[in-house]
S.K.: 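Supplied in structure tokens, the structure appears directly below.
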Amino acid sequence: MAAKKPENMDFESAVQELETLVSQLEEGELSLEQALKSFERGIQLVRTGQQRLTQAEQQVQILLQQDQEQLVPFDQSGEEN
């Protein structure tokens, strides 16, 4: 079965595959060709993961900015302003 393109994978699956690749590389039992292919795949997974994290961070920042404009401080006394 061919591996999915990193951009078509969910973040958690990409991280799991990356962890597997790192373990295989650390064991040192791959041939040079296999190690290079694994390393290349790992770089693709890392880049895609970084892009997804950046996008998520931007979404959070946008949501926080919107909330700051709409939220009012909570009054514990129960009185409305």
S.K.: Counting C-beta onward and ignoring hydrogens, is there a side-chain heavy-atom pair between L53 and F11 closer than 4.5 Å?
M.R.: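 Yes, their side chains come closer than 4.5 Å.
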S.K.: Check whether any side-chain N or O of Q34 sits under 3.5 Å from a backbone N or O of S31 as a donor-acceptor pair, and report yes or no.
M.R.: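 Judged by distance alone, yes, a pair lies under 3.5 Å.
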S.K.: Would you indicate whether Q16, at its atom CD, is surrounded by more than 12 heavy atoms from other residues, nucleotides or ligands within a distance under 6.0 Å?
M.R.: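 Incorrect, the count does not exceed 12.
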S.K.: Show your working on side chain to side chain contact (heavy atoms under 4.5 Å, CB included) between K5 and N8 and close with a plain yes or no.
M.R.: CA-CA 5 Å; K5 291 184 178 183; N8 294 334; 3.8 Å; yes
S.K.: Quick one: are V15 and L45 in side-chain contact, heavy atoms under 4.5 Å?
M.R.: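 In short, these two side chains do not touch, never coming nearer than 4.5 Å.
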S.K.: Should M9 and L18 be counted in the same cluster of Ile, Leu, Val, Met, Phe, Trp and Tyr side chains packed under 4.5 Å apart?
M.R.: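 The answer is yes; both residues are in one hydrophobic cluster.
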S.K.: Hey, is E17 close enough to R41 for a salt bridge, meaning N to O under 4.0 Å?
M.R.: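 Here E17 pairs with R41 in a salt bridge, since their nearest N and O are under 4.0 Å apart.
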S.K.: Looking at L30 and S38, what are the two nearest heavy atoms and their distance?
M.R.: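 Here L30 and S38 meet closest at CD1-OG, 3.8 Å.
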S.K.: Would you name the heavy atoms of Q44 and P6 that are closest together and state the gap between them?
M.R.: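 Shortest heavy-atom separation between Q44 and P6 comes out as CB-CG, 3.8 Å.
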S.K.: Is Q61 atom CD crowded by more than 12 heavy atoms from other residues, nucleotides or ligands, each under 6.0 Å away?
M.R.: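 It does: Q61 CD has more than 12 such atoms within range.
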